[in-house]
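Worksheet: the structure to be examined is printed underneath.
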Amino acid sequence: METYTLRSRADRPAVRYKIDYAGELNQAQHEAATTLEGPVLVIAGAGSGKTRTLVYRVARLVESGVSPANVLLLTFTRKAAEEMLARAATLVGASCERVAGGTFHSFANTVLRRLGRQIGLEPNFTILDRSDSEDVVALLRSRAGLDRKERRFPRKNTILEIVSMAVNRSVTVPEVVEASYGHLVEHLDDLLRLADAYGRYKRERNLADYDDLLVHLRDLVRGSPEVASHLSRTYRYIMVDEYQDTNLLQAEIVRGLAAEHDNVMAVGDDSQSIYSFRGATFRNIMEFPQLFPGARIIKLEENYRSTQPILDLANAVIDRAVEKHTKTLRARVEGGSPPLLAQCADEQSQSRFVTQRILELREEGVPLSDIAVLFRSSFHSFDLELELSRADIPFVKRGGFKFIETAHVKDVLAHLRIVANPRDAVSWHRVLLLLDGLGPRTAEDLLGHVTGAAYLQAATEVLEAYPRRGPYTKELKHLAALLREIAVEGLPPGEKVARVVAFYTPMLRHLHRDDFPKREKDLEHFITIASRYRSLASLLSDMALEPPSDSVGDVLAAGDEDDGLLTLSTIHSAKGLEWQAVFVLWLVDGRFPSYHNLHDTEEMEEERRLLYVSVTRAKRHLHLSYPIDIYDRTTGMVLGKPSRFLEGLPGHILSETQVIEEVDTR
DNA sequence: TACAAGTAAGTTTTT
DNA sequence: CTTACTTGTA
């Protein structure tokens, strides 16, 4: 038969992009943003436009015709994901907001609510936060009779640290004890029994702690080929930000999710790995090419954030790291002067120095919202907070204690969690103890009956029919009525919270006679937060995974924002952020680096990276400060030596100054 | 026996 | 300010 040839359609348009990718990104960024298929590792130095690159890559994917629903963006906080997607949306359209995004934990939560049954997890499981987990451990410990004082058995906090460390580092409990808790070796058998009981307890009551979310998701993608393949086909393009702060479990999850396509872009900076206490390891970055053979590696080294003198300090700090990884930041921003190192007589003087400099900066036109004060530990800012209030400088504090972790908010939450998961013994326990005359013994007896009930209705009937008599008999009936009331499907979450608060307020007043007004305000605030939600389930998940970090003070202060709020933050919570002016407090050996980590090289290296992260948050103005001759009561040490990370730096890197008192000449 | 209230000490970083 | 332990009370 003869043939007739159709000519190829030369005029068929290749995808036409609205965005000029080559023009708006530098060469390395462009390569990263436009490489869509296959594994890619992006080593992104601080301020190198990593976020910008990710945003453009999302846009590129969408412009190339990939459905947003097939893209997964895993970030360190949900806020980071939201911001990136919003920016991508302004580039190519609102559909970008349909990209799946969030933290590993929140992603795991979503998937497990849908598919958890495969591994024996009911969809209404309750997420335990750290203090919930501690409650469980305390209960199990006393049940096992391990709280008798002759044994000097470790505290619940320590027990959980060990168990959690084992999970996140993917090692066994004995290995953790041997490596980091040598003094507890004699208790190893009991620890193992307790760890075992803890796992069983959670399984029986449909509870999951933070670690479980990751473990379950890992098991899901590893244990069941159909589920893995289903997920892998849903999420055809995966991006993981802050890869240096992922742990082995998370790497396994990524590996499993990408099983069908290998389309993974991991972005990170080994010099900014600061979460090893959570099991994170920058080895994940190093080993990415082994996990994904054929991975393309792209380095972003040009810094668009800071002036060269600031980067000189950053480079000098990280240059002395034991394991250094070949990356030198080069500034694209002109000018700048060396960072200031201020020696202060005492803590007061440091606080006043910072306050005064902030006021000067504001005079010079730097808005408060573009200034931050960073510190190693949350409590390092207490004195400064007083000084700032005196000077009428409004601020928000990130990191440290959150409003959601206060006892009264947790009490209210516990009622709602019972409704969501009637088997949640932790919340039952908490709620029952609130009743007058009802203590741990009675609560446990009641729990035996209550959590056997499959439905809330049955559980409330148990409360009403409880045979033992006490001052609490009537209150149990009230509680039962409340729980039934807020279990009604159609009632909006805000209203549910309001009813619990109404029920709880008399107890609050009784429990906290001295300071209940402050706490009542927190609860009102909580009602407001809750009314933003459509479903109780999403409210509860968010409160566990992405709790609002604001406190009552912040809400009030936010009213008068002429030039915004000053930020106070732990270094950990400052990750990924930037400001025109940055202050770093307490650069004293023993505080920063923290005395906890003085003995261990690995941990000392992490402290060094923490300083690197702090320094690279600053765009133009950087102030480091330290008080001298501080007597630290908890350790009995006199802290007087500047941080070892600043020792022996070339003279021109820092400009050193001594803060002195004005001489009163009146 | 079970609960409440009072006293003495310990506090990194976070999902 | 919270937690663990001690003492006091019904």
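Naming convention: chains lettered A, B, ... in sequence-line order (proteins, then strands); numbering from 1 in each chain. Atom set for the values below is all heavy atoms of this structure, side chains included, hydrogens, waters and symmetry mates excluded.
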Most 5' of A:N597 and A:Y472 on DNA chain B, judged by nearest nucleotide: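 Its nucleotide being nearer the 5' end, the pick is A:Y472.
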
Please report the distance, rounded to the nearest Å, between [atom1] in [X] and [atom2] in [N].
X	N	atom1	atom2	value
A:L249	B:dT15	CG	P	17 Å
A:I159	C:dA4	CD1	P	10 Å
A:R278	B:dT15	CZ	C1'	5 Å
A:F382	C:dT2	CZ	C1'	12 Å
A:E605	B:dT13	CD	C1'	17 Å
A:E405	B:dT12	CD	P	14 Å

Ignoring the backbone of [X], work out which of [options] is nearest its side chain.
X	options	answer
A:R519	C:dT2, C:dA4, B:dT12	C:dT2
A:F277	B:dT15, B:dT12, B:dT13	B:dT13
A:T442	C:dA4, B:dT14, B:dC3	B:dC3
A:T103	C:dA4, B:dT13, B:dT15	B:dT15

Side chain to side chain donor-acceptor pair (under 3.5 Å) involving A:T281 - partner list, sequence neighbours excluded: none

Positions of residues 104-114 of chain A (non-hydrogen atom under 4.0 Å from DNA chain B), listed by number: A:H105

Backbone N/O of A:A537 and side chain of A:S541: donor-acceptor pair under 3.5 Å: yes

A:S131 and A:K410: side chain donor to acceptor below 3.5 Å: yes

Between A:N206 and A:D424, a side-chain donor and acceptor under 3.5 Å: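 Side-chain D/A pair, A:N206 to A:D424: absent.
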
So which protein nitrogen or oxygen atoms get under 3.5 Å of nucleotides 4-6 of chain B's nitrogens or oxygens?
unit_1	atom_1	unit_2	atom_2	d
B:dA4	OP1	A:G437	N	2.6

Check ion pair A:E546-A:K79 (N to O, under 4.0 angstrom):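 Result for this pair is no, no salt bridge flagged.
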
A:E405 with A:R130: basic N within carboxylate O range, under 4.0 Å: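 A salt bridge is absent here (no side-chain N lies under 4.0 Å from a carboxylate O).
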
Check against ring pair (Phe, Tyr, Trp, His ring centres under 6.0 Å), A:F277 and A:H572: CA-CA 12 Å; A:F277 66 90; A:H572 285 90; 5.5 Å; yes

Geometric cation-pi criterion A:R205 and A:Y201, 6.0 Å radius, 45° cone: yes

Sugar-phosphate only, base, or nothing, as touched by A:S378 at under 4.0 Å among non-hydrogen atoms: sugar-phosphate

Enumerate donor-acceptor pairs with a distance under 3.5 Å from any side-chain N or O in residues 243-252 of chain A to protein atoms, sequence neighbours excluded.
unit_1	atom_1	unit_2	atom_2	d
A:Q244	OE1	A:D269	N	3.1
A:Q244	NE2	A:E242	OE1	2.9
A:D245	OD1	A:I274	N	3.0
A:D245	OD1	A:Y275	N	3.3
A:D245	OD2	A:K575	NZ	2.4
A:T246	OG1	A:Y243	O	2.7
A:T246	OG1	A:N284	ND2	2.9
A:N247	OD1	A:L249	N	3.1
A:N247	OD1	A:Q250	N	3.0
A:N247	ND2	A:N168	OD1	2.9
A:Q250	OE1	A:N247	N	2.7
A:E252	OE1	A:R218	NH1	2.7

Partner residues of A:R644 under the side-chain contact (heavy atoms from CB on, under 4.5 Å) criterion, sequence neighbours left out: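 Partners of A:R644 under the side-chain contact (heavy atoms from CB on, under 4.5 Å) test: A:D589, A:P593, A:L598, A:M604.
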
Stems involving DNA chain B, each a run of at least 3 consecutive Watson-Crick or G-U pairs under 3.5 Å: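 Stem list for DNA chain B: B:1-10 with C:1-10.
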
A:H572-B:dT14 aromatic stacking (under 5.5 Å, under 30°):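 Whether judged by distance or by angle, A:H572 falls short somewhere, so it does not stack on the base of B:dT14.
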
Plane angle bin for A:H380 and A:W586 - parallel if under 30°, tilted between 30 and 60°, otherwise perpendicular: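 The rings of A:W586 and A:H380 sit tilted, inter-plane angle from 30° to 60°.
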
side-chain N/O A:T570 vs B:dT14 OP1/OP2, d < 4.0 Å: yes

